[in-house]
Amino acid sequence: MTPPHPLVTRARRLADDLLAPHAERVDQEGVPASHLEEIKRSGLLGVSAPKEYGGAAAPGAVARETAEILAGACCSTWFVQTQHHTPVQTLAKSETPVRERLLGRLARGELLSGVAYAHLRAYPRIPVRVTRERGGWRFDGTVPWYTGWGLNDVMLLAGVTQADEALFAFTEAREQPGLRASEPMRLAALTAARTVSLELDGFWLPEEAVALRTPYDRWAATDRPKTVNANPAVFGITEAALALLDEETAVPLRARLAKVRDQAYALVDDPTRLGDRLSIRTQAYELMQAATTAAVVTGGGRSLTLTNKAQRLAREGLFLLVQGQTAQSRTAHLKALTS
């Protein structure tokens, strides 16, 4: 039997010793900086980063397994740290000066990055417009969702230029002239992840902050396939819910989990089967809802207390139903629910 990858071992140790024992408290009080410091030290922030920059360059299967483990232990902590991987992957493919300035520090976990780019998927509506100004770029508009405010060191901010380009640039994750954050949102789940909206009013960044500038259609063509995959966090939440059930109830659900997970991961990079990937994503949601509902039913009235694990997992499951949602995935999910 092949031993687990070292990062999988570290993720399990973090989950068992730190994240899971404090998950209900974190859910109510917020993700502590100490949790993120442990994740920084673990090497997990560099799971997919190039080795020459201090990362692990681990296979995709390792990244997915560590995501499952962290999400199943404490979804709020997982969600803050998962933002980090898109900036790392963006820089790994970049040939801009900011790559040399930041990639090593992000890969080694010296810095934690957030992301402000999901609003690009609203195109042709443009929530954030980017225009040329003073040899750099001016950002104007609203970022509806930014996770990890007050916890992240830097952010990858995106908007659309007047030439219909997607432009991504790095800046410090703090209030600055032209950049103002709302108060952290109170949400039904993952309030602990400190999600805010960002108001951009003439926020300026220099050319050397830019990590990617590409025609919007080209960026969307690479982004769209990602949104049809089942999120590994869904399987992590499902696993955690199954652990709360008696064996008779858990066995058939666990068999379904193994089948759906295998199908999802076998299809994850197949560009010819987007419809199948979307169908499996929907099945993964349905299974997660069945498992978390069974956990609540098993717990009875105790499940309604805010210190109860089953209700936390059920609320986190609701969050994952809409996280990363697109019009395409929403339509497919609603069709499955009403068929």
Side-chain angles (χ1 to χ4, degrees), residues 8 11-31 35 64-82 186-193 195 229-265 279-325 329 333-334 336-337:
V8 171
R12 289 203 183 280
R13 188 179 304 123
L14 267 176
D16 294 342
D17 297 347
L18 178 65
L19 302 186
H22 300 287
E24 278 67 56
R25 179 177 59 80
V26 167
D27 176 61
Q28 296 300 307
E29 299 178 7
V31 175
H35 274 31
R64 291 189 287 271
E65 187 171 3
T66 56
E68 285 189 27
I69 292 166
L70 297 181
C74 179
C75 197
S76 294
T77 301
W78 162 80
F79 193 54
V80 173
Q81 68 81 43
T82 201
R186 289 191 57 80
L187 305 171
L190 275 71
T191 289
T195 296
N229 285 330
N231 188 333
V234 171
F235 300 128
I237 295 295
T238 303
E239 285 270 22
L242 293 181
L244 301 178
L245 308 180
D246 63 70
E247 197 61 17
E248 182 180 359
T249 308
V251 164
L253 291 172
R254 193 167 285 120
R256 286 173 56 192
L257 172 61
K259 180 179 179 181
V260 172
R261 180 198 275 129
D262 286 349
Q263 290 176 317
Y265 290 166
S279 174
I280 293 297
R281 172 187 166 111
T282 301
Q283 291 178 47
Y285 285 152
E286 293 172 342
L287 178 57
M288 175 181 65
Q289 287 184 287
T292 55
T293 300
V296 170
V297 171
T298 295
R302 296 188 304 277
S303 297
L304 299 184
T305 63
L306 289 177
T307 55
N308 182 271
K309 183 174 182 177
Q311 61 78 30
R312 172 177 62 80
L313 292 171
R315 288 187 292 106
E316 290 170 351
L318 289 175
F319 174 86
L320 292 175
L321 291 180
V322 297
Q323 186 261 326
Q325 186 185 64
S329 64
H333 196 175
L334 291 174
L337 289 171

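To the nearest 0.5 Å, the span separating CD on Gln283 from CG on Leu257 amounts to 12.5 Å. Note: Glu29 CD to Ser76 OG = 12.0 Å, rounded to the nearest 0.5 Å. Separation of atoms OG1 (Thr307) and CD (Glu24) is listed at 7.5 Å; rounding is to 0.5 Å.
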Q. When you look at His35 and Leu19, which way does the side-chain contact (heavy atoms from CB on, under 4.5 Å) test go after all the steps?
A. CA-CA 8 Å; His35 274 31; Leu19 302 186; 3.4 Å; yes
(Q) Go through it in stages, so that I can follow the logic: the residues are Ser329 and Arg281, the test is side-chain contact (heavy atoms from CB on, under 4.5 Å), and I'd like the CA-CA distance, side-chain angles, deciding distance and then a yes or no. (A) CA-CA 9 Å; Ser329 64; Arg281 172 187 166 111; 3.8 Å; yes
Q | side-chain contact (heavy atoms from CB on, under 4.5 Å) between Gln28 and Leu306, worked out | A | CA-CA 8 Å; Gln28 296 300 307; Leu306 289 177; 3.8 Å; yes
Q: Please report the C-alpha distance between Thr77 and Leu70 in whole Å, then the side-chain angles of each, then the deciding distance to 0.1 Å, and finally whether the side-chain contact (heavy atoms from CB on, under 4.5 Å) criterion is met.
A: CA-CA 8 Å; Thr77 301; Leu70 297 181; over 6 Å; no
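Sorted by first and then second residue, the ring-ring contact (aromatic ring centres under 6.0 Å, His included) pairs involving residues 284-324 (not counting sequence neighbours) are Phe79-Phe319, Tyr285-His333. Sequence neighbours left out, the pairs with a member in residues 315-324 that pass salt bridge (Lys or Arg N to Asp or Glu O under 4.0 Å) are Asp27-Arg315, Arg312-Glu316. Listed by first then second residue, pairs satisfying side-chain hydrogen bond (donor to acceptor under 3.5 Å, both in side chains) with a partner in residues 233-247 read Glu239-Arg261, Asp246-Thr249, not counting sequence neighbours. Listed by first and then second residue, the side-chain hydrogen bond (donor to acceptor under 3.5 Å, both in side chains) pairs that reach into residues 286-303 come to none, sequence neighbours excluded.
Among Asp262, Val260, Asn229, the one residue that satisfies the side chain to side chain contact (heavy atoms under 4.5 Å, CB included) test with Ile280 is Val260.
Minimum heavy-atom separation, Thr66 to Ala11: CG2-CB, 4.0 Å. Here the shortest heavy-atom pairing between Ala291 and Leu242 reads CB-CD2, 3.9 Å. The shortest non-hydrogen separation linking Ala295 to Ala241 is CB-O, 4.0 Å.
For the side-chain contact (heavy atoms from CB on, under 4.5 Å) test, residues two or more places apart in sequence or in another chain that qualify with Ala233 are Ala71, Trp78, Asn231, Leu320. For Arg13, there are no salt bridge (charged side-chain N to carboxylate O under 4.0 Å, His left out) partners, not counting sequence neighbours.
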